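Working notes, beginning with the structure itself.
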Amino acid sequence: MTGSFDYIVVGAGSAGCVLANRLSADPSKRVLVLEAGGKDDWIWFHIPVGYLFSIGNPRADWMFQTQPIDGLDGRKLSYPRGKVIGGSSAINAMIYMRGQAADYDGWKAMGLNGWGWDDVLPLFMAQEDHINPPSALHSSGGEWRVEHPRMRWKVLDAFAEAAAEEGIAPVADFNGGDNEGAGYFQVNQKTGRRWSAARGFLKPVLHRQNLKLETGVRVTRILIEQGRAVGVAYSRGGQEFEARASAEVVLTAGAVGTPQLLELSGLGDGARLQALGIETKAHLPGVGEGLQDHLQIRPYYKVSGVPTMNVLYGSLWRRPLMALEYALFRRGPMSMAPSQMGAFARSSPDQERANVQFHVQPLSLDRFGEPLHSFGAITISVCNLRPTSRGSIHLASARAQDAPLIQPNYLSTPEDEQVAIDSLRLVRKIVAQSPLQRFAPQEHRPGPEAQSDADLLAAARSLGTTIFHPVGTAKMGLRGDPMAVVDDQLRVHGIEGLRIADASIMPTITSGNTNSPTLMIAEKAARMILSGI
C-alpha cells in the first residue's frame, strides 16, 4: 500500500466506487483507494429493510451528531453517514433520483460550463442499467441498476389518489427533468436486493491488478509540496504511513469528510486554521461553509382498516412469513425501501416549479433506529427541496480522529420557515381527500390543535430532522467567487494535482435525493481526469 501510484482516491463511498472503476480501467495506471470504513460483509447491507438496523449502528454508521440547532429548538440531530465500502449507498433509501433539469441549468447559468441538464443527462444514462426498455431518458448495460419496487401498499395507492384530487397528477417516472407529480419511486435494487455503489462499480473490478483497495484506513492529511498535492498520509492500527500519487489525489470523502480532510491539510480559512495550530497551505474560506440539506418534517397519521408495516412487523407470527416470502421470492416487506411512494409539488401557488418532496411510508416511528409504533400508521414526510438556509462543517480540533462540528442551521431564513408552514398545510389538504379518508386518518403528530402559522412553525421545529442529503461544503464556482473551493473541472483552487468529486462540490442542492447525482459527479470527474483536463 505504501509507495507510488498514479491516482489516490480518498473514500470508497458512492463517488469513490465510480472513480475506482473508471480510473483503473487503464491497466497502465495504478490506483489506490483508501476507505476508513469496512467491508460490506453484513447481511443488513444487502436486504433492503436493513436500513432499520444499519442507521444508528456503529458497524454501519459513523454516528455523527450535529451541534445544537437554533431553528430546531436547540436540538442535536443524529447525522448518519455510511461507514462501509459504498458509503451511504449501503444504508440509504435506495431511491433513484436525478433531480430537476432546472437544477443543473442553474449551475450552468452560474458560469459552470458543462454542467447543464443536457450535459449531465448522458452521464446519468451511461451508468444506468434500467429495468425498462432503453429510451431517450433511460438506458441499460451500465453498472447502476434501477428497478421498480417489488411491493405495493393499498394505503400508498390511496395517497397517490388523494394527491391527484389535490392537483398533484400521477407520474410514472420522476427522472425526465421535471419531477412534479406523485407515484412510486424507482429504486437501486436488483431482484429485491440493495444495489449499492460498491456492488455496482467497485466489487466487480477488484480483480484488476492495478487497483488496490484498503479498508479501515484513516487518511489524516494530504501531502502538499510546492503548491501541489503529491500524496496522502494515513493511519492504520496506530501506525502512520504515506502513499504518493504521480498524477492526482481525488477526494471522495463526502460532504462531511472532504472539508474535514481539507482543513486538516491546511486548506481552508487561514484564521480558522491558525486557531487550530494548522499551517495554511491555501486560503480557501469556502471550505466547510455552504452546507445545504433537505430538512424533512415527518407528520404521521393513525389509520385503520388497511395493512401497514407497523402492524405486520408487530405481529410475531407474521415475521417468519415475511422472512419466508423474501427468501423464496425476494418480495414483500423485507424488499421495501424506507419510502416507496413519492410526490413532488409546489408548497404554494407562487412557486415556479415543484419545491417540496414527499416521502410517504406505510409505517411510523419517532426516529430512525428506534422501534416502529404499535398502531397502524402512515408517515407523510415532506422536505424543502431548495432551502435558503446555509450551515457549516468544520474541524473540532487538529486531531483527525475527532468528529467535526456539524451545524446545518435549518430553518434559519424566513423563506424556509414559510415553506415549512405551507408544507404542513399541504399535507393536511391531501389527507382530507376522500381516498385517504376511508381509512379514518387521525393526525398524531403534530396534532390537529396546531392551526396557526406560529403553531405549524413550532411543529416543524419540533418534528424536523435531516433526510441525509448534506452537500455544498466545498462548492464549485468561478475563480472570482471567494467562497468557491473547486472550479468547473473540480480542481481545487490554488493547489495542483488535487480534485474533489463528491456531493460537497454542489453549488446548490439538487431537487431530490442526492445519491445518484453524486455518482454522476464522479462519472464526470473521471472523464475529466482521463482526458487530461
Side-chain angles (χ1 to χ4, degrees), residues 10-11 13-16 36 62 64-67 69 77 79-82 87-88 103 107 110 112 115 219 221-222 249-273 276 278 281-295 386-397 400 402-410 412 466-478 481-488 490-495 498-510 514-515 517-518 521-522 525:
V10 180
S14 295
W62 281 106
F64 292 127
Q65 273 204 330
T66 70
Q67 297 298 292
I69 304 166
L77 298 182
Y79 216 66
R81 296 284 88 196
S88 294
D103 299 332
W107 295 2
M110 297 175 189
L112 303 171
W115 290 94
V219 176
R221 62 189 170 91
I222 305 158
V249 175
V250 187
L251 303 188
T252 55
V256 176
T258 286
Q260 182 182 20
L261 181 56
L262 289 170
E263 289 187 335
L264 286 167
S265 307
L267 309 179
D269 180 79
R272 183 182 299 277
L273 298 176
L276 292 170
I278 299 172
K281 298 295 181 69
H283 176 60
L284 293 169
V287 170
E289 293 293 310
L291 173 63
Q292 301 157 61
D293 189 14
H294 292 141
L295 177 73
R386 293 183 294 279
T388 55
S389 299
R390 296 291 183 269
S392 64
I393 297 178
H394 290 294
L395 292 182
S397 76
D402 290 348
L405 303 174
I406 301 171
Q407 177 49 267
N409 282 334
Y410 299 119
S412 59
T466 176
I467 205 167
F468 324 127
H469 297 165
V471 309
T473 49
K475 80 164 188 172
M476 175 170 52
L478 303 181
D481 181 350
M483 301 304 287
V485 178
V486 300
D487 63 14
D488 58 10
L490 306 184
R491 300 171 297 201
V492 174
H493 290 305
I495 299 291
L498 181 61
R499 219 176 290 240
I500 301 175
D502 58 32
S504 67
I505 66 92
M506 291 188 187
T508 55
I509 194 167
T510 52
T514 53
N515 187 234
T518 300
I521 290 167

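Fair warning: this is a prediction, and the values are worked out from it, not measured in the lab.
- Shown here for A396 and A403, the closest heavy-atom pair between the two residues is CB-O, 3.5 Å.
- Between L291 and S392 the shortest heavy-atom distance is CB-N, 3.5 Å.
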- Item | Stepwise side chain to side chain contact (heavy atoms under 4.5 Å, CB included) check, V485 with K475 | CA-CA 5 Å; V485 178; K475 80 164 188 172; 5.5 Å; no
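- Taking every heavy atom of both residues into account, A503 and T518 meet most closely at CB-OG1, 3.5 Å.
- The CG atom of L284 sits 10.0 Å away from atom CE of M483, with the distance rounded to the nearest 0.5 Å.
- The distance from the CZ atom of R386 to the OG1 atom of T510 is 10.5 Å, given to the nearest 0.5 Å.
- To the nearest 0.5 angstrom, E289 atom CD is 11.0 Å from Q407 atom CD.
- Residues L295 and P387 have side chains not in contact (no heavy-atom distance under 4.5 Å, counting atoms from C-beta outward).
- Closest approach of N515 to S14, counting heavy atoms only: ND2-OG, 2.7 Å.
- Pairing each heavy atom of L264 with each of S397, the nearest pair is CD2-O, 4.4 Å.
- For the side chain to side chain donor-acceptor pair (under 3.5 Å) test with D293, the passing option among T66, T466, N409 is T466; the others fail.
- Residues forming a side chain to side chain contact (heavy atoms under 4.5 Å, CB included) with L261 (at least two apart in sequence, or on another chain): V10, V219, I222, L251, S265.
- Counting heavy atoms from C-beta on, the side chains of D103 and I509 never come closer than 4.5 Å.
- Atom CD1 in I406 sits 11.5 Å away from atom NE2 in H394 (nearest 0.5 Å).
- Shortest non-hydrogen contact noted between A15 and A522 is O-CB, 3.6 Å.
- By the side chain to side chain contact (heavy atoms under 4.5 Å, CB included) test, I521 is found to be paired with W115, L490, I505, M506, residues two or more places apart in sequence or in another chain being considered.
- Taken from NE2 in H294 to CD1 in I467, the straight-line distance is 8.5 Å, to the nearest 0.5 Å.
- No side-chain donor from either of H469 and Q292 sits under 3.5 Å from a side-chain acceptor of the other.
- A distance of 8.5 Å separates CE of M476 from OG1 of T508, quoted to the nearest 0.5 Å.
- Between the side chain of H493 and the main chain of P482, no donor-acceptor pair closer than 3.5 Å is present.
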- Query: K281 and L273: side chain to side chain contact (heavy atoms under 4.5 Å, CB included), yes or no, with the steps?
  - Reply: CA-CA 10 Å; K281 298 295 181 69; L273 298 176; over 6 Å; no
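- Within the structure, the side-chain hydrogen bond (donor to acceptor under 3.5 Å, both in side chains) test picks out the following pairs touching residues 250-262 (sequence neighbours left out): T258-D502.
- Taking 4.5 Å as the limit, some side-chain heavy atom of P470 sits within range of a side-chain heavy atom of R81.
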- Task: Show your reasoning for whether side chain to side chain contact (heavy atoms under 4.5 Å, CB included) applies to W62 and V256.
- Result: CA-CA 11 Å; W62 281 106; V256 176; over 6 Å; no
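- Judged purely by atom type and a 3.5 angstrom limit, T473 uses its side chain to pair as donor or acceptor with the backbone of A255.
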